[in-house]
Participant: 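First the structure, which I've put down as structure tokens, then a few questions once you've had a look.
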Amino acid sequence: MAKTKLLFLLTLVISFVGCKDTAQVRSAIGTYSYKSSGTLTVDSLSPVRFTEQGAMEVVSLKNKDSVLITFNELFGEVYATRASIKGKELTFTPFERIIEPSILTQSMWVQVSGKGQVLDDCITLNLEYHNRPLDTTLISATDVLLIAKKNTK
């Protein structure tokens, strides 16, 4: 009986030590459908409303709270960033992406920053788009909201 209890405790300890993800990361891992919208200002032109949609995936990096978030925009580009999930807060590394011609007269690179929250089967991101430091065209979108809903099987 003592050997059985000891074996059970040893198995339990190994499973906890071998688990490199937090509970929050494990619950956020998966594929999501997203839609985003915001207002984009380019130089002194009138602001333009835009929406985007696509698929997003959250992948564990097997390092406690670290994940990789990939975005596959419908009829658009693919981009990714690293993030950390602590509690309900999601903080990602700023990244660069392309804004497509449907919004502008030509494709333009922007820097993306912001934060988000992980809720039950949903992730919300509050994003800001700005021109890259050496670009001469001023681009700004400070109110971009991205809502991603987890796809169920």
Side-chain angles (χ1 to χ4, degrees), residues 14-153:
I14 289 173
S15 68
F16 281 124
V17 171
C19 232
K20 294 188 179 195
D21 296 329
T22 64
Q24 292 87 1
V25 167
R26 285 192 301 276
S27 70
I29 291 171
T31 304
Y32 296 76
S33 296
Y34 75 86
K35 188 166 187 177
S36 65
S37 63
T39 305
L40 185 70
T41 303
V42 179
D43 282 333
S44 60
L45 302 175
S46 295
V48 177
R49 291 287 300 161
F50 69 94
T51 60
E52 298 174 324
Q53 63 184 35
M56 181 177 91
E57 187 166 5
V58 178
V59 179
S60 170
L61 294 177
K62 304 294 183 195
N63 186 14
K64 295 185 181 178
D65 63 358
S66 298
V67 295
L68 176 71
I69 301 177
T70 63
F71 300 88
N72 184 357
E73 187 183 331
L74 185 64
F75 306 117
E77 299 293 319
V78 175
Y79 45 99
T81 186
R82 291 176 177 257
S84 66
I85 300 173
K86 294 179 182 169
K88 291 185 178 203
E89 292 295 314
L90 183 144
T91 306
F92 61 87
T93 304
F95 61 96
E96 292 185 353
R97 62 159 291 196
I98 293 176
I99 299 287
E100 289 299 319
S102 61
I103 301 169
L104 306 168
T105 57
Q106 64 182 358
S107 296
M108 299 184 96
W109 284 93
V110 293
Q111 286 187 326
V112 181
S113 60
K115 290 188 176 195
Q117 284 195 324
V118 179
L119 307 168
D120 295 334
D121 294 332
C122 184
I123 294 176
T124 62
L125 297 176
N126 296 301
L127 307 173
E128 293 188 10
Y129 296 175
H130 294 285
N131 53 288
R132 298 181 300 178
L134 299 178
D135 290 345
T136 56
T137 304
L138 297 176
I139 300 173
S140 175
T142 58
D143 65 343
V144 180
L145 175 62
L146 183 146
I147 298 177
K149 182 158 177 31
K150 192 178 245 185
N151 300 331
T152 57
K153 294 182 180 183

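All values reported here derive from a predicted model rather than from experimental measurement.
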Participant: For the atom pair CZ (F95) and CG (L127), what is the distance rounded to the nearest 0.5 Å?
Facilitator: 6.5 Å
Participant: So how far is it from E128 CD to D143 CG, rounded to the nearest 0.5 Å?
Facilitator: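 Reported to 0.5 Å precision, the distance equals 9.0 Å.
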Participant: Could you go step by step and tell me if V144 and V112 meet the side chain to side chain contact (heavy atoms under 4.5 Å, CB included) rule?
Facilitator: CA-CA 10 Å; V144 180; V112 181; over 6 Å; no
Participant: From T31 OG1 over to K149 NZ, what is the distance, rounded to the nearest 0.5 angstrom?
Facilitator: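 Rounded to the nearest 0.5 Å, the OG1-NZ separation comes to 13.5 Å.
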Participant: How would you list, by chain and number, every residue that makes a salt bridge (Lys or Arg N to Asp or Glu O under 4.0 Å) with D135, sequence neighbours excluded?
Facilitator: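 Partners of D135 by the salt bridge (Lys or Arg N to Asp or Glu O under 4.0 Å) criterion, ordered by chain and then number, come out as R132.
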Participant: Can you tell me how far the OH atom of Y129 sits from the OG atom of S36, to the nearest 0.5 Å?
Facilitator: 5.0 Å
Participant: Do I69 and Y32 have side chains that approach each other closer than 4.5 Å (heavy atoms only, starting at C-beta)?
Facilitator: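 No - every pair of side-chain heavy atoms lies 4.5 Å or more apart.
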Participant: Kindly compute the distance separating CG (N126) from OG (S113), expressed to the nearest 0.5 Å.
Facilitator: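 Here the interatomic distance stands at 11.0 Å.
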Participant: Could you report the tightest heavy-atom contact between L125 and G116, atom names first, then the distance?
Facilitator: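 Closest approach of L125 to G116, heavy atoms only: CD2-CA, 3.8 Å.
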Participant: Are any non-hydrogen side-chain atoms of Q24 and V118 less than 4.5 angstrom apart?
Facilitator: no
Participant: For residues 73-88, which side-chain N or O atoms pair as donor and acceptor with protein atoms under 3.5 Å away, sequence neighbours left out?
Facilitator:
from: E73; atom 1: OE1; to: R97; atom 2: NH2; distance (Å): 2.9
from: Y79; atom 1: OH; to: R97; atom 2: NH1; distance (Å): 3.1
from: T81; atom 1: OG1; to: T93; atom 2: O; distance (Å): 2.5

Participant: Can you give me every donor-acceptor pair (side chain of residues 54-65, partner residue at least two apart or in another chain, under 3.5 Å) with its distance?
Facilitator:
from: S60; atom 1: OG; to: D21; atom 2: OD1; distance (Å): 2.6
from: S60; atom 1: OG; to: D21; atom 2: OD2; distance (Å): 3.0
from: S60; atom 1: OG; to: K62; atom 2: N; distance (Å): 2.9

Participant: Can you name the closest pair of heavy atoms from S27 and K150 and give their distance?
Facilitator: O-NZ, 2.6 Å
Participant: T124: which residues meet the side-chain contact (heavy atoms from CB on, under 4.5 Å) condition with it, sequence neighbours left out?
Facilitator: Q117, L119, C122, I147
Participant: Tell me every residue that passes side-chain hydrogen bond (donor to acceptor under 3.5 Å, both in side chains) with N72, counting only those two or more places apart in sequence or in another chain.
Facilitator: none
Participant: I'd like to check the side-chain contact (heavy atoms from CB on, under 4.5 Å) partners of P47; sequence neighbours left out, ordered by chain and number.
Facilitator: T39, T41
Participant: Could you check whether any side-chain N or O of K35 sits under 3.5 Å from a backbone N or O of L145, counting only pairs where one atom can act as donor and the other as acceptor?
Facilitator: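 It does not hold such a pair.
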Participant: Check step by step if side chain to side chain contact (heavy atoms under 4.5 Å, CB included) holds for I99 and I139.
Facilitator: CA-CA 10 Å; I99 299 287; I139 300 173; 5.7 Å; no
Participant: Could you go through H130 and T142, starting from their C-alpha distance and side-chain angles, then the distance that decides it, and tell me whether this counts as side chain to side chain contact (heavy atoms under 4.5 Å, CB included)?
Facilitator: CA-CA 8 Å; H130 294 285; T142 58; 3.9 Å; yes
Participant: Does any N or O in the side chain of D43 come within less than 3.5 Å of the main-chain N or O of L138, such that one atom is a donor and the other an acceptor?
Facilitator: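 Pair found, side chain donor or acceptor close to backbone of L138.
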Participant: Would you sort out whether Q53 and S33 count as a side chain to side chain contact (heavy atoms under 4.5 Å, CB included), showing the intermediate values?
Facilitator: CA-CA 8 Å; Q53 63 184 35; S33 296; over 6 Å; no
